[in-house]
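What you see is a predicted model, and the numbers here were worked out from it, not measured in a lab.
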Amino acid sequence: MIDIHVNGKTRRVEAGTSVAGLLRELDLDGRTVVVELNRQIVRRTEIDSIALEKGDRIELVHFVGGG
């Protein structure tokens, strides 16, 4: 298990968890969330291939519709 930071809160995940795996754990749809990993935007095409590492800082921003 490793500690990461998601939107400012510490969270424990299995070592080797991908960004996509984190989104699944959080029950989030990668098509409606922007992921920032250590101040870098993660492209949707890369979320399966990027493994999280100890101390990573993730910010998740949800799209909100409205009028």
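- You'll find the side chain of Leu52 reaches within 4.5 Å of the side chain of Ile58, heavy atoms only.
- Of all non-hydrogen atoms in Lys54 and Ile2, the two that sit nearest each other are N-CD1, 3.7 Å.
- Shown here is Arg44, whose CZ atom has more than 12 heavy atoms of other residues, nucleotides or ligands within 6.0 Å.
- Considering every non-hydrogen atom in both Gly8 and Glu59, the closest pair reads N-OE2, 3.9 Å.
- Within the 3.5 Å criterion, the main-chain N or O of Ile4 finds no donor-acceptor partner in the side chain of Asp56.
- Atom CG of Leu23 sits about 12.0 Å away from atom CZ of Arg31, to the nearest 0.5 Å.
- Distance check, rounded to the nearest 0.5 Å: CD1 of Ile41 to CD of Glu36 gives 5.0 Å.
- The environment of Arg12 atom CZ is dense: over 12 non-hydrogen atoms of other residues, nucleotides or ligands sit within 6.0 angstrom.
- Among all heavy-atom pairs drawn from Gly16 and Ala51, the shortest one is O-CB, 4.2 Å.
- Between His62 and Leu28, the closest side-chain pair of non-hydrogen atoms falls below 4.5 Å.
- Looking at Leu60 and Leu26, their side chains come closer than 4.5 Å, going by heavy atoms from C-beta outward.
- Across all their heavy atoms, Ala20 and Asp48 have their closest contact at CB-OD1, 3.1 Å.
- With rounding to the nearest 0.5 Å, the separation of OG in Ser18 from CD in Glu25 is 9.0 Å.
- Looking at Glu14 and Met1, their side chains come closer than 4.5 Å, going by heavy atoms from C-beta outward.
- A side-chain contact (heavy atoms from CB on, under 4.5 Å) with Leu22 is found for one member of Val13, Ile50, Val35 and no other, namely Val13.
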